[in-house]
Amino acid sequence: MDVAQDAGPIVDWWAYAHRHPLRYRLAVLATDAREVVTHAGGWLFDRSMAGWDVNAVLTDVTDLLPLQILGASVLELEGPLAVPVHHTWPDALAVAPDLLRSDSRVRDGVLNCLEHDLIEIVLWGPLPAEFESRVELMSHRLSSAARAFKGRALAATHTRTDTVPMIEGFHSNAASRAAARVPSVR
């Protein structure tokens with residue numbers, strides 16, 4: 001069974017990447033929708049509402065609704081990873097720690113991006129040791145709308161929550177990237 005053809009809302013990754021060439025792109029790599037919504041749902045929503053093209057690239061694409069609530073398109077992980085050369089790169093990449101541990105292609109790609117400072121990298125949760133010194137803690141204060149939509153997306157994943165936190169915490173290379181772009185004053 002070809003999940004990408006039968007699932008309907010899952011779009012062809014190549015065509016989708018070329019549809020909006022001037023928009024900022026955020027790719028979120030994770031196992032499933034529940035993990036993305038739980039750890040980065042509010043941040044993802046706020047980026048989407050700011051005009052970013054947000055793609056959740058998952059190993060399990062059986063539950064699309066929670067991510068669609070947040071404004072993300074869903075892609076199957078194997079499509080983009082199967083291509084040796086990528087013609088379109090995201091401006092930011094968020095990655096779940098379990099994929100860093102379980103998929104050497106993801107781990108090696110993220111390490112390469114960090115080593116060469118190619119794009120903004122955002123990680124959540126406990127990190128493998130090789131990543132800890134390469135990123136710094138950051139937080140994102142969720143907009144009121146992000147909290148409301150994250151709450152609905154969590155409900156769609158059947159996650160019971162009384163309140164949605166106001167802040168999501170991450171690890172990122174964004175601060176070091178920004179410092180590298182600021183020219184020194186003499």
Side-chain angles (χ1 to χ4, degrees), residues 9-61 63-81 83 86-100 103 105-107 109-114 116-125 127 131 134-143 145-147 149-150 153-154 167-178 181:
I10 300 172
V11 295
D12 175 56
W13 70 272
W14 181 261
Y16 188 86
H18 288 87
R19 193 174 307 142
H20 305 289
L22 298 179
R23 292 176 72 182
Y24 284 113
R25 291 188 178 103
L26 167 61
V28 182
L29 307 182
T31 310
D32 58 31
R34 179 185 216 149
E35 181 176 24
V36 174
V37 172
T38 300
H39 296 285
W43 176 68
L44 187 147
F45 176 84
D46 281 337
R47 287 268 174 123
S48 177
M49 290 300 99
W52 285 62
D53 184 23
V54 177
N55 296 290
V57 186
L58 309 175
T59 56
D60 175 4
V61 294
D63 193 12
L64 306 177
L65 180 61
L67 293 165
Q68 291 171 334
I69 289 170
L70 299 174
S73 297
V74 179
L75 306 171
E76 193 169 10
L77 183 67
E78 286 306 315
L81 289 182
V83 178
H86 296 280
H87 296 283
T88 58
W89 279 83
D91 298 286
L93 180 67
V95 184
D98 63 327
L99 280 181
L100 294 173
D103 193 316
R105 299 168 301 175
V106 172
R107 183 182 59 256
V110 171
L111 284 170
N112 183 53
C113 287
L114 287 169
H116 295 98
D117 199 28
L118 298 175
I119 60 175
E120 177 185 1
I121 300 292
V122 176
L123 310 168
W124 63 78
L127 300 178
F131 290 90
R134 299 172 184 251
V135 291
E136 299 174 23
L137 289 175
M138 69 167 262
S139 61
H140 174 74
R141 179 174 290 281
L142 279 60
S143 67
R147 290 182 66 213
F149 277 81
K150 180 175 178 171
L154 284 168
I167 296 175
E168 292 174 338
F170 304 100
H171 306 273
S172 176
N173 68 336
S176 62
R177 286 178 53 81
R181 288 190 300 262

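Counting begins at 1 with the first residue of the sequence.
A donor-acceptor pair is defined here as one N or O able to donate and one able to accept, closer than 3.5 Å; no such pair exists between the side chain of N55 and the backbone of A27. Side-chain atoms of N173 never come within 3.5 Å of backbone atoms of L114 as a donor-acceptor pair (strictly under, hydrogens ignored). Judged purely by atom type and a 3.5 angstrom limit, K150 has no side-chain atom pairing as donor or acceptor with the backbone of A145.
Not counting sequence neighbours, the partners of S143 by the side chain to side chain donor-acceptor pair (under 3.5 Å) test are D46. Shown here are the side chain to side chain donor-acceptor pair (under 3.5 Å) partners of R147, two or more places apart in sequence or in another chain: there are none. With sequence neighbours excluded, the residues that form a side chain to side chain donor-acceptor pair (under 3.5 Å) with D98 are T31. In this structure, the side chain to side chain contact (heavy atoms under 4.5 Å, CB included) partners of R107, at least two apart in sequence or on a different chain, are S104, L111, E130, F131. The side chain to side chain contact (heavy atoms under 4.5 Å, CB included) search around H39 returns E35, W124, not counting sequence neighbours. With sequence neighbours excluded, the residues satisfying side chain to side chain contact (heavy atoms under 4.5 Å, CB included) with A153 are V37, P66, I69, L70. A search for side chain to side chain donor-acceptor pair (under 3.5 Å) contacts involving D103 returns R105, not counting sequence neighbours. Considering only residues two or more places apart in sequence or on other chains, S172 meets the side chain to side chain contact (heavy atoms under 4.5 Å, CB included) condition with E120, V122, M138, A174.
For the pair N112 and L118, the minimum side-chain heavy-atom distance is below 4.5 Å.
In terms of heavy-atom proximity, G42 sits nearest to E168 at N-OE2, 2.9 Å. The shortest non-hydrogen separation linking V36 to L44 is CG1-CD1, 3.6 Å. Here the closest heavy-atom approach between residue V95 and residue V110 is recorded as CG2-CG2, 3.8 Å. Shown here for V61 and E76, the closest heavy-atom pair between the two residues is CG1-CA, 3.9 Å. For the residue pair R25 and W52, the shortest heavy atom distance occurs at O-CZ3, 3.5 Å. When all heavy atoms of A56 and L67 are compared, the closest pair comes out as CB-CD1, 3.5 Å.
The CZ atom of R134 sits 11.5 Å away from atom CG of D117, with the distance rounded to the nearest 0.5 Å. To the nearest 0.5 Å, the span separating CG on L58 from CG on D32 amounts to 7.0 Å. Note that the CD1 atom of I121 and the SG atom of C113 stand 4.5 Å from one another [nearest 0.5 Å].
Heavy atoms of other residues, nucleotides or ligands lying less than 6.0 angstrom from CZ of F45 number more than 12.
Each of V54, L29, L26, I119 was checked for a side chain to side chain contact (heavy atoms under 4.5 Å, CB included) with P90, and the lone residue meeting it is I119.
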